[in-house]
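Just the heavy atoms: all of them, side chains too, but no hydrogens, waters or symmetry mates, feed the values below. Order of the sequence lines fixes the chain letters, A, B, ..., with proteins taken first and strands second; residue numbering starts at 1 for each chain.
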Amino acid sequence: MIEWLAMGGYGKFVWPAYAIWLVVIVYNYVSAKADEKKYKHELIKRLRLK
Amino acid sequence: MGFALICFISGLIGGLVLAPADYQQGDSFRIIYIHVPAAWMSLFIYTFMAINAAILLIWRVKISEIIIRSSAILGASFTFLALATGSIWGKPMWGTWWVWDARLTSELILLFLYLGFIALQSAFEDRRIAAKTGAVLVLVGVVNIPIIKYSVEWWSTLHQPASISKLDAPSIHIDMLIPLLLMAIACKAYFFSVMLIRCRREILAYESNTAWVKETLIRNGDHT
């Protein structure tokens with residue numbers, strides 16, 4: 001396991017690259033979902049006021 | 001999104017665990033499983049946006065406007081990922097984080113084109129004018145796509161030429177190729193899933209005053 005994590009001495013390059021990738025991929029999905037939900041709530045609020 | 005997730009997990013297991021280390025690059029080559037699909041996506045999304053920009057300007061199809069706007073942030077993200085992961089791979093392999101090589105520079109220009117489009121969308125109050133101006137920018141910038149693609153052939157660059165071509169047999173081993181293709185499929189499925197979520201939100205914004213939006217919100221129980 002430790003050997004695998006070390007990635008033949010390239011772990012300090014491989015894992016940060018994957019971490020950046022994961023953050024961007026997850027962020028894009030979560031923010032799109034959250035934005036849609038937030039906008040729906042705003043619309044519903046507007047409908048109620050009318 | 002479920003399909004994308006399955007492909008991502010399979011691709012990552014294949015790329016990080018099952019694929020053998022490269023005989024020259026060692027385990028650092030495993031960065032290609034995120035770098036190459038990100039670079040492919042950066043070109044694919046821009047081309048997809050350009051097609052929709054042409055449809056918008058010629059036939060004035062409203063959904064194309066929504067698609068372009070929803071795709072831009074994803075295109076910018078994949079371009080950023082291609083540049084960032086490529087830079088991290090470049091340090092141990094080339095001995096530098098960055099070189100002003102034709103491939104890297106043209107990819108950086110692509111990132112600026114995406115950012116320019118996003119900036120334009122918030123620069124105009126009228127969404128239709130913003131979309132049309134953005135569409136023109138996307139069409140002008142499409143000239144950069146063949147430059148990125150063929151930069152490694154046209155100029156002497158530090159960046160290696162393509163290992164996978166549509167016409168020739170791939171120059172990488174099948175055990176390394178399968179996870180790469182899985183990651184590419186996953187990225188494409190992910191892009192369409194997230195783009196459709198963004199499109200839904202944009203459609204709601206465009207049609208917020210129509211009866212069908214109100215009915216849909218009520219029917220889905222979102223009014224409670």
Side-chain angles (χ1 to χ4, degrees), chain A, chain B residues 1 4-5 8 12 15-17 21-22 25-35 37-38 70 73-74 76-78 80-82 84-93 183 186-187 190-191 193-202 204-205 208-209 213-214 216-218 220 222-224:
Chain A
M1 182 70 178
I2 291 167
E3 200 182 316
W4 176 71
L5 285 173
M7 285 281 156
Y10 292 110
K12 62 182 175 184
F13 297 104
V14 174
W15 297 119
Y18 274 86
I20 293 170
W21 176 84
L22 191 68
V23 167
V24 173
I25 292 289
V26 171
Y27 173 78
N28 264 321
Y29 178 72
V30 172
S31 71
K33 277 290 213 190
D35 193 33
E36 189 196 14
K37 199 175 167 186
K38 192 179 154 198
Y39 190 71
K40 266 187 183 175
H41 280 297
E42 270 173 34
L43 268 183
I44 291 159
K45 219 189 252 179
R46 230 189 292 166
L47 280 173
R48 275 186 189 153
L49 286 176
K50 279 180 184 175
Chain B
M1 185 49 88
L5 196 64
F8 270 139
L12 287 174
L16 287 170
V17 183
D22 184 77
Q25 301 178 25
D27 284 309
S28 75
F29 100 98
R30 295 184 198 279
I31 293 174
I32 70 157
Y33 293 109
I34 45 176
H35 169 70
S70 307
I73 186 76
L74 291 162
S77 300
F78 276 114
F80 166 76
L81 282 176
T85 55
S87 176
I88 294 171
W89 174 86
K91 181 63 183 167
M93 291 299 113
M183 289 298 283
C187 283
Y190 167 86
F191 162 67
S193 305
V194 179
M195 186 206 69
L196 287 174
I197 296 169
R198 291 197 172 274
C199 279
R200 268 201 317 245
R201 189 248 181 259
E202 285 288 325
L204 281 177
S208 59
N209 292 321
V213 166
K214 290 168 193 167
T216 310
L217 286 175
I218 292 164
N220 291 346
D222 291 326
H223 62 297
T224 51

Can the ring centres of B/W89 and A/Y10 be said to be less than 6.0 Å apart? no
Interchain contact, [X] with chain A, by part (heavy-atom threshold 4.5 Å):
X: B/V17; result: both
X: B/L204; result: both
X: B/F78; result: side chain
X: B/E202; result: neither
X: B/L12; result: side chain
X: B/M1; result: side chain
X: B/A38; result: neither

Using a cut-off of under 4.5 Å on heavy-atom pairs, state which of [options] scores highest against chain B.
options: A/S31, A/A32, A/P16; result: A/A32
options: A/L43, A/D35, A/I25; result: A/I25
options: A/Y18, A/W4, A/Y29; result: A/Y18

Taking all heavy atoms of [X] and all of [Y], pick out the closest pair and write down the distance.
X: A/A17; Y: B/T85; value: O-CG2, 4.0 Å
X: B/S208; Y: A/Y39; value: CB-OH, 3.9 Å
X: A/V14; Y: B/D27; value: CG2-O, 3.7 Å
X: B/R201; Y: A/E36; value: CG-CA, 3.9 Å

Any side-chain heavy atom of A/K12 sitting closer than 4.5 Å to one from B/P92? no
Side-chain heavy-atom pair A/I20, B/I88 within 4.5 angstrom cut-off: yes
At a 4.5 Å cut-off on heavy atoms, which part of A/K37 comes close to chain B: side chain, backbone, both, or neither? neither
Please round to the nearest 0.5 Å and tell me the distance separating atom CH2 of A/W21 and atom SG of B/C187. 6.5 Å
